[in-house]
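In listed order, ligands and their atoms are each counted from 1.
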Amino acid sequence: MQIVAKCPTCDAGLPVDAADGTSTIRCGRCSTEIPLSFTVAVRTDRAVDRCPVCGGGDFYTRKDFDPKVGVAIVAIGAIASAVFYWFGRDLIAYGILAAAALIDLAVYGWLKDLTVCYRCHSEFRGAYERSAPAFDLHTADVLELEYERKIGRR
Ligand SMILES: [Zn+2]
Ligand SMILES: [Zn+2]
């Protein structure tokens with residue numbers, strides 16, 4: 001299982017391989033030492049049951065979508081359609097815009113799910129079965145506040 005541990009101090013994303021069973025990582029940006037404690041299920045890529053970074057047991061599942069990719073597809077489509085529009089080829093211009101939107105949708109459909117910790121936002125990718133529910137804003141508000149108080153940010 002691949003984990004992107006979020007630094008509690010500066011929010012930098014730190015890639016960790018759960019199979020290594022590392023007990024601490026040092027943040028590359030702010031040099032904070034972050035203790036990690038992996039459960040057997042996490043280390044063996046069977047399930048995400050407890051967060052190795054914050055110890056929380058509440059997770060949600062979301063699409064592993066990089067917003068930059070979506071923006072890039074739409075931007076390329078917009079530029080291409082503007083060129084055709086300039087030359088009076090309106091239909092082709094609209095067609096390209098529609099195609100760009102469709103490609104975005106298709107890419108979204110192909111994406112795999114990843115699991116995210118509600119409290120510290122660490123991300124989990126692997127072959128384990130996705131069992132966490134979809135994102136819930138209320139749960140996120142409550143758990144993020146609890147976590148930020150615990151680490152002294154509020
Ligand atoms: Zn940091
Ligand atoms: Zn966490």
*Thr61 side chain vs Leu114 backbone, donor-acceptor pair below 3.5 Å*: no
_If I take atom NZ from residue Lys6 and atom CD1 from residue Ile34, how far apart are they, to the nearest 0.5 angstrom?_
11.5 Å
*Report the distance from atom OG1 of Thr115 to atom CD of Glu129, rounding to the nearest 0.5 Å.*
10.5 Å
_Could you tell me if Asp49 and Thr39 have a donor-acceptor pair between their side chains, going purely by distance under 3.5 Å?_
yes
List the atom pairs, with distances to 0.1 Å, where a side-chain N or O of residues 82-108 and a protein N or O form a donor-acceptor pair under 3.5 Å, not counting sequence neighbours.
none

_Check Glu123 with Arg125, please: is the shortest side-chain N to carboxylate O separation under 4.0 Å?_
yes
*Arg130 charged N/C atom sitting above Tyr128 aromatic ring, 6.0 Å / 45°*: yes
*asked:* Suppose the cut-off is 2.8 Å; which protein N/O/S atoms would you list for the Zn ion (ligand 2)?
replied: Cys51 SG, Cys54 SG, Cys117 SG, Cys120 SG
*Do any protein N, O or S atoms sit under 2.8 Å from the Zn ion (ligand 1), and which ones are they?*
Cys7 SG, Cys10 SG, Cys27 SG, Cys30 SG
*Does Ala140 have any side-chain contact (heavy atoms from CB on, under 4.5 Å) partners at least two apart in sequence or in another chain, and if so, which?*
Tyr118, Phe135, Glu144
*With a cut-off of 6.0 Å (strictly less than), are more than 12 heavy atoms of other residues, nucleotides or ligands near CD of Glu33?*
yes
